[in-house]
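Reviewing the structure listed below.
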Amino acid sequence: MTGERGMTGAAETRPILETSGLGKTFGGARRLLGGRAPTVQAVRDVTLSVAPGETLGIVGESGCGKSTLARMLVGLVPPSQGRITLEGKTLGEATKAGPRAFGRTIQYVFQDPASALNPRKTIRRILEAPLVHLLEADAPARERRVAELMDLVSLRPEFLERYPHEFSGGQAQRIGIARALAAEPRILVLDEPVSALDVSIQAQVLNLLSDLRARLGLTYLFISHDLAVVEAIAERVAVMYFGRVVETGPVEDVFRAPRHPYTRLLLSSAPTIGARAAAADAPQAELPDPTRPPPGCAFAGRCPNVRDDCRTSPPPLVPMGPGRAAACIHPLPADDADVPA
Amino acid sequence: MKPAAAPAPVEAPVDALDAPPRKRERRSFLRLLLRNRLAGVGLVVLSAIVAVAILAPILPLADPNATAPANRLLPPLTPGHLLGTDELGRDLLSRLVWGTRLSLSMGVAATLVAALVGSTIGLVAGYAGGRLDNALMRSIDMLMAFPYILLALAIVAVLGPGLLNALYAVAVVNIPFFARNIRGVTVGLAHKDFVESARLAGMGHGRILVSEILPNVMPVIVITMSTTVGWMILETAGLSFLGLGSQPPQADLGSILGEGRKVMLTAPHVTTIAGVTIFLVVMSINLVGDGVRDALDPRLSAGALARPSAVTRIARPKSEGADAAAAPTGDHALAVRRLSTRFEIGARVLRAVEDVSFTIRRGECLGLVGESGSGKSVTALSLLGLVPSPPGVIRSGRVWRAGEDVLSLPREKLRALRGGRVSYIFQDPLGTLHPLFSVGDQLVEAIRAHRPASHAEAWTQAVALLERVRIPAAADRAEALPHELSGGMRQRVAIAMALANEPDLIIADEPTTALDVTVQAQILALLDELRREHGLALLFITHDFGVVSQLCDRVAVMYAGRIVEEGPTAEVLAAPAHPYTRRLIACVPILGSGRRALDAIPGLPPAVDALPDGCAFAPRCPRATGACREGEIPPISVADGRAARCLYAGEVMREAREGSAA
């Protein structure tokens, strides 16, 4: 791993964000009467790399660790294992660096816009906070930047003196995006940014995000449970299950011909217009108990292709075709013909 | 590369949010306070007392400390001494006024000290959590373990008697109330998203505590202050009564009472008057304190104390149209005619559901689609009078079932219908299942509420119901508590409960919205199987066209309280006749269409207390003309079994057909 850091490649192709072996364990605190609380490994061994200007979609169901991963990337949760490299600077588990160290490079947009805005502050004070604390901007510079930000997210400047409860969900999410952009970060981590919004508003916010990315040259990590939304906005996708990345690759290829059976299950479960309801899964299918993870593949219990060797050790993420990888010992065939529509 | 932050002009303002934020009217604090009559009385008494205490130096009062042994123990109403004199001949009225002044300022000062120290401890403990929290709160617990008067006595014994020391003692005794209250609120706030976003903005912990958390905790501090200041006055008076507080000749209310006690038998007026004054001061402060709490507590001002009635208030005009009053013919599970439900809050009228009519045939699944605030859930709740009243009122309409108008049924028959022949499934089964009873017990209760059965019989039926919703190892799972089951399993239990009494109609309000897609697919497949097996009619409320398309025979689309389009699902989805339906379908991303910009609908839905004239969608509609903005637009039939509230419905539908063919 240390060998990679010594490499000097062309600056343009260097990833803007890299993680290696990133993991997070919760619990395990010593109890008053001896013994330890049960531990839950929310994220295990996540190694990702994101190129500048790219949008990486991260999909998975609740409990798959995608939000914990996002929070580690912006410094809200210190990682238990592994390290994060931002623009070539490594922030490891030892540094315990808070969001302050990350804030000017990477920012975060919350799922629920209403709860992410302090109800007792005006929009102006909310937008000024990162300018004061991260950029140490003076008053005239702040005034200018706040006006720019409102313009960027297509909100009228007179809304600046209003309080968050006066705004609709879509407007509040625009304010959340403006706040994230205030310190001119290069990467935005968007944690389910549209799932609390109505579909008509969701489309407005997605279009705004695409527009901002093009205009400001941003890099996005777009976390969602909605495959169709990820397909509409992302170039590459990472599918997570039970704390691990089980498949990555270009969105189009992965969604057209998934190699991991879990990806196929997700795709066939998404409700689509014009299809009858049909269970793609056994009814008793559930996630394994996170305090007692199975020794082998976590998906083995639900997998239609499961064989004995799946249950011995967790399958590693292995390359499968150009830019693609999947963590499966018996992957689905690569040819399109075998893939259910 | 530096992000280009120049304010480049936004191109076509397709999604410019020009709708101004909705200003909510805020009732003034005083009006909220005076809603509580007793608080009003307390406020008047307290204001009078405080005014007299403040004005004491300029009032024409005798010197409170001037002794006159010749005039000792004069009774009240003696000329020159309105309330008489005490045993040293001092004017009692003057001493009372000055004593009240001292007692009030002592109480307020002690409250401020206790609030400052206690709130700081609570804020730090709640925000830091972990060991610091433990250490601080256990110390506070130790402080609380002593009887408070004993603790105060011990503190005064150490510091020595005196006014200031009594104040410290009372403040220390009250610190735990503040620390515990404030810590509780802070713990809830410390992990809120807005605190994390302040961390992302680069704020340090101290600044977050002061500028993010403190403003949100302030109402609780004020409430705690207003409810403890009375106690603190009493406690200071108690210490002074025992001779440990104010030292002669200075007197507060407690020491006047203490001095009067020695001559209680010969001159009872001294103690009586001092006692009544203490009573008035503390009582008025407590009444005002309760009022302040009621006014500031968001739960109370949101109407948590108002008890909604068991059935929605129904206030329909006596002379409704003949078409509404006559039972519709035909084989239907439920027929709704011209239903309007409103929320009437003071002068504001929210038209949540307006002129809604639909029919669900036996064994049919009708999807009710709309965005949040479109009135779909209120429609569902209105059908069996489940909208909370106040503020909900059903202003017109009939709900026909088996030849009867459900809304005209007596309360008992309506209750038998709920969970009986018509049952509900809600979005969050964790919120509708009781957390402390096993799911089997809750099914037993649902069964026995509607028909006589022994517990054992009902249990057997409960297990059979769990098997019917395909729960593996049903007999074991029946013993489980709701939190021991996964979200999908809980929703299966909720479905089993809905099936418990052989319903012929199930109303499902967003039953899969909170579930993961793979689980959603399982639940949808289950509902589809069950309704086909049992010939159930299903009213399925959702915001997701994909789900509607999988499950529903027909679909009704709601916008701003009205059904704007209705028809067979496949036809409506293929060629919508209302521009809203068309645009709503267009802005849903569809899997398999690749990366692209979505067709967003510009603007926002209207507020239901300020609906525009004519079509509510007109302000967002590219096709809208002057005619759209005046007068009611009735449903216009565009094909067999299809109607839309649009003047151009036929054209819109034809265009959609040609567009999809092209």
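Throughout, a chain's letter reflects where its sequence line sits, starting with A, and its residues are numbered from 1.
The choice from Gly487(B), Gly488(B), Ser211(B), Ala570(B) that makes the most heavy-atom pairs within less than 4.5 Å of chain A is Ser211(B). Note on Arg125(A), Gln107(A), Arg120(A): by heavy-atom pairs under 4.5 Å with chain B, the leading option is Arg120(A). Between chain A and the options Glu212(B), His543(B), Lys192(B), the largest number of non-hydrogen pairs under 4.5 Å is found for Glu212(B). For the set Glu158(A), Arg104(A), Gln111(A), Lys121(A), the count of heavy-atom pairs under 4.5 angstrom toward chain B peaks at Lys121(A). Put simply, of Ile590(B), Val547(B), Val588(B), Asn216(B), the one with the most heavy-atom pairs under 4.5 Å next to chain A is Asn216(B). Per-residue counts of heavy-atom pairs under 4.5 Å with chain B were compared for Leu134(A), Leu266(A), Asn118(A); the largest is that of Asn118(A).
Counting heavy-atom neighbours within 6.0 Å of Arg213(A) CZ, excluding the residue itself, gives a total above 12.
Neither the backbone nor the side chain of Ala147(A) comes within contact range of chain B; no heavy atom of the residue lies under 4.5 Å from a heavy atom of that chain. Contacts between Arg207(B) and chain A at a heavy-atom distance below 4.5 Å involve the side chain alone, from C-beta outward. Contact annotation for Ala129(A): both backbone and side-chain heavy atoms come within less than 4.5 Å of a heavy atom of chain B. Within the 4.5 angstrom heavy-atom criterion, no atom of Ser210(A) approaches chain B. The contact between Leu117(A) and chain B is made entirely by backbone atoms, counting heavy-atom distances below 4.5 Å. Both the backbone and the side chain of Glu371(B) come within contact range of chain A, with heavy atoms under 4.5 Å apart.
Using a 4.0 Å cut-off between charged nitrogen and carboxylate oxygen, Glu128(A) and Arg145(A) do not count as a salt-bridge pair.
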For the pair Arg138(B) and Asp133(B), evaluate salt bridge (Lys or Arg N to Asp or Glu O under 4.0 Å) and give the outcome as yes or no after the intermediate values.
CA-CA 8 Å; Arg138(B) 293 302 83 78; Asp133(B) 180 28; over 6 Å; no
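A side chain to side chain contact (heavy atoms under 4.5 Å, CB included) with Arg179(A) holds for exactly one of Leu131(A), Val109(A), Ile126(A); it is Ile126(A).
No side-chain donor-acceptor contact under 3.5 Å links Arg186(A) to the backbone of Ile16(A).
Between Phe110(A) and Phe194(B), the distance separating the two ring centers is not shorter than 6.0 angstrom.
For the atom pair CG of Leu218(A) and OG1 of Thr55(A), the computed distance is 9.0 Å after rounding to the nearest 0.5 Å.
Residues Gln491(B) and Thr512(B) bring no donor and acceptor atom of their side chains to less than 3.5 Å of each other.
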